[in-house]
Amino acid sequence: MINSLFVINRHGKIIVEKHWRGIISRQIVDVFNDESAKFMKLPPGTLERSDISSNQEAFFTKEDVPPVLESNKYWLLNVLRDDLTWLCPVEKEVDPMLVFEFIHRIIDVVTDYLGDVSEASIRENFVTVYQLLEEMMDYGYPLTTEPNALKEIIMPPTIINKVMTTVNAAAGVTPKFPQNMSNIPWRKAGVKYTQNEIYFDIVEEIDATVEANGNVVSCEAHGTVVANSRLSGMPDLSLSFINPRLIDDESFHPCVRIRKWESDRLLSFVPPDGHFKLMSYRVALSPYQAMPLQIKPQILPTKNGGKFDITVHPRSTDGKPIEAIVLSIPMSKSTTSVNATCNVGNYMYDPITKTVKWEISKLQQRERAPMLSGTFSSSDAQPDMGLTVDVDFKISMYSVSGIKVDSLRLFHEGYKPYKGVRSMTKAGKFHVRT
Amino acid sequence: MRNIRRQLDSKNDREKLDGLKRLIAMITKGRDVSEFFPDVVKNVVSQNIEVRKLVYIYLLRYAEQEPDLALLSINSFQKDLSDKNQIIRAMALRVMSGIRVPVISPIVLLGIKKCVTDSSPYVRKTAAHAIPKCYSLDETQKDSLIEIIATLLKDRSTITIGSTVMAFNEVCPNRFDLIHPCFRKLCGVLPDCDEWGQMAILGLLLRYGRSQFLNPNPKVVASKATTVTSKSFYSSDSSDMEDTIAHDVVELDPDHELMLKSCLPLLQTRNSGVVLAVARIFYHLAPAVQADKIAKPLIRILRNFRELQYVVLSNIATMTLKRPYLFEPFLQQFFVQSTEPVFIRDLKLTILANVATDVNIHSLLNELQQYVKSSNKDFVAASIQAIARCATSVPSSADRCLKLLMKLLRSSNEIVVAESVVMVTKLLKDQPGENKKSILALAKLLETIKVPSARANILWLIGQQAELLPEISPDVLRLAVKGFADENNYTKLQILNLSSKLVILNPDHPTLNLLHQYTLNLARYDLNYDVRDRARFLRSLTLPVDNQPGIAQLKQHARDILLNNKAPPVIENDMERKPMIEKGHVLDAHPLFFLSLRNVSCL
């Protein structure tokens with residue numbers, strides 16, 4: 001089971017330490033730092049790469065440190081997220097999935113409480129973070145991890161709450177203590193709203209790999225249904241889709257009754273209060289229907305440089321404009337300068353990361369196809385090729401898979417809630433090879 | 001510091017809260033604030049619940065260092081155990097059992113016994129959590145703790161059962177006799193437990209199932225013994241596979257079937273740990289026909305944080321060793337991006353090579369060809385190895401792989417060339433006769449390539465095939481000897497080998513003999529032990545020396561010693577090379593995690 005948790009900043013210094021089963025010396029973090037330096041091909045004792053190493057052949061970063069490392073006595077399970085490393089030294093055998101899932105859950109909950117997880121936000125709210133760690137795990141076993149249940153025990157550090165506690169304490173009023181826990185772990189009892197509303201966001205991300213000639217290597221959509229529930233009492237909802245058959249594979253929040261889905265393709269659930277992820281699903285896409293954009297890059301290397309041009313062709317998206325298109329075109333590491341022109345949007349060359357970023361804020365169909373063309377020069381006689389262009393975009397009010405909500409019905413409560421559904425399609429891991 | 005003490009002594013709750021908060025912040029940072037212990041413990045009886053909660057946190061952190069003072073607080077916990085509010089009762093037991101002072105273990109045990117019969121499931125859950133804590137305080141309590149676990153296993157609440165099973169797994173993981181009576185109930189409550197409880201129960205069911213049920217796939221397991229053949233066994237053609245499965249159908253025990261049926265819906269949970277745990281159960285305990293249900297959910301949870309992805313991929317890699325067909329339809333999911341972390345990329349390449357078959361090899365090689373163009377040289381090297389691995393796992397593609405690798409020899413990057421040379425030599429050992437041209441191309445490379453391992457490999461290969469290349473091999477030797485002094489030790493050893501092999505093949509050739517003599521002399525005065533040593537050995541083996549009886553005998557076999565036909569190499573992947581506990585190994589991400597399967601009688 002989990003013995004201890006250390007939160008480490010990017011310089012390898014401890015921000016938070018928490019022990020559930022006796023104390024593990026802080027030195028373990030030094031061991032961890034040395035081990036990770038090995039994987040980053042750095043001399044021990046340093047964690048940040050100085051610029052001298054830019055001429056090194058392979059470029060390793062913190063990302064390349066494996067999540068399970070070995071030291072003399074412990075296994076060092078570590079999670080890297082948002083520039084912070086969450087390290088769990090483990091002595092005895094444990095399912096690594098449990099540890100990783102749990103750490104990510106902690107981070108999610110802390111994000112929910114503090115708004116974001118960073119060194120600064122943690123330092124500002126040490127007590128809340130520590131209370132959460134205490135409450136979420138007991139002797140190395142997960143205890144209370146549902147945000148709704150946690151909020152009954154530990155108040156989020158909002159300004160109003162802070163004021164309230166100070167006032168109450170000053171007045172000698174003991175804070176109210178919940179008398180009974182609700183029977184459903186993910187929903188607290190006695191929720192009350194004057195206006196009952198529930199919103200669903202269907203967000204789909206397209207993961208695709210496309211070859212330079214336009215051939216689609218792989219392509220699929222990953223969707224999530226995120227809900228924001230502001231409903232009183234214990235509502236029992238049932239949500240149906242117009243075309244559930246499209247869904248290839250799915251997973252649910254614990255509140256969803258899986259058997260009901262299997263028999264009737266109906267989402268039947270008592271929602272938690274507030275924001276939560278109701279469902280995620282995967283849809284296999286046919287390459288022709290799926291691509292809202294067709295991108296054709298061409299890079300021609302010559303001696304000490306080369307030419308490139310990239311065109312973007314919008315495809316049918318039910319008449320919805322494609323917004324916030326960003327193409328990141330990595331140039332070879334030896335590139336010295338880039339010169340380009342584009343007919344739509346604007347481009348920027350970052351000489352440190354050696355990438356060209358081309359942004360198009362909005363693209364409608366039947367417009368002239370945007371095009372970026374230019375030249376680059378390189379200090380290397382034969383600049384490296386074979387890089388992939390990273391694509392980002394989003395399309396509001398459009399779902400690429402065609403999934404639509406049919407109806408939402410509410411049982412067990414007398415009111416009629418306001419319901420809202422939005423959909424959005426985004427680029428996930430969308431890569432174009434050159 | 002003095003200020004904090006004053007705040008703790010204050011009558012005002014706000015001041016107290018403030019002081020405690022400052023202490024907790026210091027604990028979080030890892031500062032030692034144990035000196036305040038007496039001042040804090042006093043507050044354990046505070047009426048303000050917020051104050052008390054913070055006191056508890058402090059107490060749990062430092063009780064071990066101040067056992068005597070910590071005992072002072074026990075009384076108030078015992079009183080709280082009879083409080084009207086279930087949350088206070090639960091909290092009291094939780095904190096009391098968390099005080100790591102061995103003396104109090106009997107009191108904790110009493111507390112647990114009291115709470116096990118509590119009317120609130122939350123309190124009973126806390127009692128279950130306290131069991132492993134009490135066990136770690138005092139192992140002699142094991143028997144009474146097991147009794148408590150047995151009682152709790154009968155509990156009907158879905159809230160407590162997960163924690164009970166966690167306690168079972170830690171205190172008495174092999175007392176399956178306690179599980180027999182409640183097995184069906186465990187299967188029944190599975191969908192209604194919280195996710196962590198589900199993971200604990202699934203882990204238990206896996207161990208239980210593997211030790212109590214019959215193996216659903218006796219045949220498949222029998223073929224595990226011959227790993228290499230089992231790959232072609234499945235991939236050769238599908239009708240063949242169905243045949244074997246049809247033969248395999250074993251009448252499952254109704255309980256066995258119940259377990260599989262109740263696990264199945266959990267593949268739809270959001271927690272990827274639960275999904276993986278179900279996948280493990282199906283991999284081990286489901287009939288092969290049903291096992292394919294796990295592929296899709298596993299692919300789904302692949303799209304996740306890198307750490308989780310790593311564990312899932314390791315598991316898939318292990319699964320594909322024995323049952324590559326499970327993941328064959330999802331080949332594209334394992335395609336690599338050059339920007340992915342090294343450990344993810346390597347696992348994916350391993351899986352790709354594992355699931356390669358006659359059918360998909362074409363698209364797979366096309367994909368690998370793309371990777372080789374990458375500017376990340378480390379990635380290119382790994383891809384080249386994957387190509388070579390494909391050649392060994394799908395023999396029909398060997399030719400194409402070889403051609404691909406030969407093309408790479410012309411690359412301008414040294415690492416790429418070196419890696420391909422190493423892999424080409426490994427492949428060429430197989431059927432040298434047909435690949436004379438490739439060997440010639442390699443020989444030409446000696447003029448340009450500088451990476452020692454590549455040079456050594458080429459020289460070795462030419463020595464091995466010297467008989468087939470009478471025109472060029474002496475010339476290669478001549479050129480190699482010319483630069484002998486500047487070569488790396490590995491290369492030097494291979495030059496010595498080459499020259500000895502040539503002399504053994506042509507014992508009467510005067511020039512070769514002179515050249516050989518010259519090589520040996522060069523090596524004799526080399527700086528490196530190994531080179532000198534090898535030279536001495538080869539000298540007595542190849543050159544006429546004074547008749548020593550042993551050596552003469554050895555000499556008769558010189559040809560066999562040096563030019564033996566070596567078995568074709570198997571280019572393995574990392575998974576196979578890792579130390580695995582022969583039978584217990586199978587599905588866990590890392591050797592560390594095999595333990596739990598070690599003491600289970602295996603399939």
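Predicted, not measured: the structure shown is a model, and the values here were computed from it. Excluded from the calculations below are hydrogen atoms, water molecules and symmetry mates; all remaining heavy atoms, backbone and side chain alike, are included. A, B, ... follow the sequence lines: proteins, then strands. Residue 1 opens every chain.
Side chains of A/Y130 and B/I27 form a contact here, defined as non-hydrogen atoms less than 4.5 Å apart. Counting heavy atoms from C-beta outward, B/P132 and A/Y141 have side chains that approach closer than 4.5 Å. Side-chain contact between A/E134 and B/R94 is present, with heavy atoms from C-beta onward closer than 4.5 Å. Under the 4.5 Å side-chain criterion, counting only non-hydrogen atoms from C-beta, A/R282 is not in contact with B/R303. A heavy-atom distance below 4.5 Å is not found between the side chains of B/E307 and A/R81.
Between chain B and the residues A/T209, A/V65, A/V256, the most heavy-atom pairs under 4.5 angstrom are made by A/V65. Among the candidates A/D248, A/V129, A/L133, A/I122, the residue making the largest number of heavy-atom pairs closer than 4.5 Å to chain B is A/D248.
Contact of B/E367 with chain A is made through the side chain alone, with heavy-atom distances under 4.5 Å. Interface remark: A/M1 contributes side-chain atoms only to the contact with chain B (heavy atom separation under 4.5 Å). Proximity to chain B is absent for every atom of A/I14, based on heavy atoms less than 4.5 angstrom apart. Using a 4.5 Å cut-off between heavy atoms, A/Q131 contacts chain B through both its backbone and its side chain. Heavy atoms closer than 4.5 Å to chain B are found nowhere in A/Y281, neither backbone nor side chain.
Side-chain N/O atoms of B/T28 and A/E17 include no donor and acceptor closer than 3.5 Å. Of the N and O atoms on the side chains of B/Q332 and A/E220, not one donor lies less than 3.5 Å from an acceptor on the other residue. Judged by distance alone, the side chains of B/S97 and A/Y139 never bring a donor and an acceptor atom under 3.5 Å apart.
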Item to check | Residues A/E146, B/E195; criterion side-chain contact (heavy atoms from CB on, under 4.5 Å); working and verdict | outcome: CA-CA 10 Å; A/E146 282 300 329; B/E195 44 203 324; 4.0 Å; yes
Item to check | Worked check of side-chain contact (heavy atoms from CB on, under 4.5 Å) between A/V127 and B/L54 | outcome: CA-CA 9 Å; A/V127 179; B/L54 296 182; 4.0 Å; yes
Checklist entry - Passes salt bridge (charged side-chain N to carboxylate O under 4.0 Å, His left out), B/R300 versus A/D249? Steps please. => result CA-CA 7 Å; B/R300 183 190 72 230; A/D249 187 32; 3.2 Å; yes
Checklist entry - Between A/R257 and B/D192, is a salt bridge (charged side-chain N to carboxylate O under 4.0 Å, His left out) present by the stated rule, with each step listed? => result CA-CA 9 Å; A/R257 302 183 180 99; B/D192 301 318; over 6 Å; no
Next on the checklist: Evaluate A/F39 against B/V342 for side-chain contact (heavy atoms from CB on, under 4.5 Å), listing each step before the verdict.
Outcome noted: CA-CA 9 Å; A/F39 282 94; B/V342 180; over 6 Å; no
Checklist entry - Does the pair B/K29 and A/F126 meet the rule for a side-chain contact (heavy atoms from CB on, under 4.5 Å), with working shown? => result CA-CA 9 Å; B/K29 279 184 253 182; A/F126 269 139; 3.5 Å; yes
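Annotation: ring pair (Phe, Tyr, Trp, His ring centres under 6.0 Å) contacts of B/Y135 (sequence neighbours excluded): none. For B/R61, there are no side-chain hydrogen bond (donor to acceptor under 3.5 Å, both in side chains) partners at least two apart in sequence or on another chain.
Proximity of a side-chain donor or acceptor of B/E64 to a complementary backbone N or O of A/G22 within less than 3.5 Å is not detected. Between the side chain of B/K53 and the main chain of A/I153, a donor-acceptor pair closer than 3.5 Å is present.
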